[in-house]
Amino acid sequence: MAILGLEGIRKSFGGNRVLDGVDMEVGRGSICQLIGSNGSGKTTLINCVSGLYVPDSGRVVFDGTDVTRLGLRGTFRAGLVRTWQIPRPFAVLTALENMLVAGGPNRGESFLRAPLRGWVPDEEALVGRALSLASDVGLEGKGGERGSELSGGQKKLLELGRAMMSGARMVLMDEPIAGVNPTLAHEIFERIERIRREHGITFLIVEHRLDISFQYVDRVFAMDGGRIIAEGTPDEVSSHPGVIESYLGGAP
Ligand SMILES: Nc1ncnc2c1ncn2[C@@H]1O[C@H](COP(=O)(O)OP(=O)(O)O)[C@@H](O)[C@H]1O
Ligand SMILES: [Mg+2]
């Protein structure tokens, strides 16, 4: 059963039609990847799904609710979370504090005052949850490090932990392993896979490094010229003639 359904999404800027009728269904608990050459419309599509843009026509349905016009805040509240929708990681806060700040409106702020007056039970539960999620995303032992001390890859893991703290049921990520070394890139996808398995969270990920991502994703959607031109398993999509021509560059 689909957790996210896109129906006939169209979006133009000036006279430039960037999305030209995108239909898509993302299965609940799946890890889906969106590929396509530069300018094919991937980021614009993610912008329409996360509520940053309202499409000119078409619908975005998340878990049975029409979220097309809810805006960034509304989709976030519904549990459809783009990692940067969460307040940005604070360089001066520790990884654990950054997780806590993502834990809900005002709760993080109230937690930051806790050293002055002790923790209330609600905050203790929040800290327990943050510690457990920090370990799920591979940041065990890193909770005390400041945001600014984390490597690029560890910041990505922190983003994932923060998305989960915010109550995400589906996470949208734009190039989570860009610029990350191969070992850590594999670890990020391994963590995504495990979080999907243990928490049932659905992922839609834009990513160019297919050599790594294709080992982990269930389903791939290929875009060209503002449309989905192929959909299937990584094997199916990478042998699709239109994908080879428009994206993979000539003969396989
Ligand atoms: N806010 C915007 N205003 C005008 N043109 C835009 C805007 N956002 C994207 N575009 C145009 O839409 C096209 C697709 O861009 P984008 O969705 O970023 O592609 P991708 O992420 O696949 O590289 C590009 O031609 C880009 O210039
Ligand atoms: Mg893009």
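All ligand and atom numbering here is 1-based and tracks the order in the structure.
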Evaluate Phe13 for polar contact with ligand 1, using N/O atom pairs at a separation under 3.5 Å. no
Polar side-chain atom of [X] near backbone of [Y] as donor-acceptor pair, under 3.5 Å:
| X | Y | answer |
| --- | --- | --- |
| Glu236 | Thr233 | yes |
| Arg169 | Ala78 | yes |
| Glu149 | Arg146 | yes |
| Asp56 | Ser12 | yes |

Applying a 4.0 Å heavy-atom criterion (strictly less than), which segment of Val18 is in contact with ligand 1: side chain, backbone, both, or neither?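 Side chain only.
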Between Thr44 and the Mg ion (ligand 2), is there a contact where an N/O/S atom of the residue lies under 2.8 Å from the metal? no
Protein contact of [atom] - nearest heavy atom, named by residue and atom, plus distance:
| atom | result |
| --- | --- |
| atom 25 (O) of ligand 1 | Asn16 ND2, 3.8 Å |
| atom 18 (O) of ligand 1 | Thr43 CB, 3.7 Å |
| atom 1 (N) of ligand 1 | Tyr53 OH, 3.1 Å |

Closer than 4.0 Å: a protein non-hydrogen atom to atom 6 (C) of ligand 1: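 Neighbour list for atom 6 (C) of ligand 1 includes protein heavy atoms (cut-off 4.0 Å).
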Does the protein put a heavy atom less than 4.0 Å from atom 12 (O) of ligand 1?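 So far as the 4.0 Å threshold goes, atom 12 (O) of ligand 1 is in reach of a protein heavy atom.
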Atoms of ligand 1 under 4.0 Å from any heavy atom of Ser37, numbered from 1 in the order shown, are 22 (O)
Show the atoms of ligand 1 that are less than 4.0 angstrom away from any heavy atom in Thr44.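 So the atoms of ligand 1 that pass are 9 (C), 15 (O), 16 (P), 17 (O).
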4.0 Å heavy-atom contact, Gly39 with ligand 1: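 Yes; Gly39 lies near enough to ligand 1 that a heavy-atom distance drops under 4.0 Å.
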Candidates Gly226, Gly225, Gly41, Cys48; heavy atom nearest atom 19 (O) of ligand 1 found on Gly41
Can you see whether His208 engages Tyr247 through a side-chain donor-acceptor pair at a distance of less than 3.5 angstrom?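 Distance-only check passes for His208 and Tyr247.
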Can a side-chain donor-acceptor contact be found between Ser213 and Glu207 if the only test is distance below 3.5 angstrom? no
Any idea how Phe189 and Tyr216 line up, ring-wise: parallel (<30°), tilted (30 to 60°), or perpendicular (>60°)? parallel
Test of understanding: clusters of I, L, V, M, F, W, Y form through side-chain heavy atoms closer than 4.5 Å, transitively. Do Met165 and Leu131 belong to the same one?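 Yes, Met165 connects to Leu131 through the hydrophobic network.
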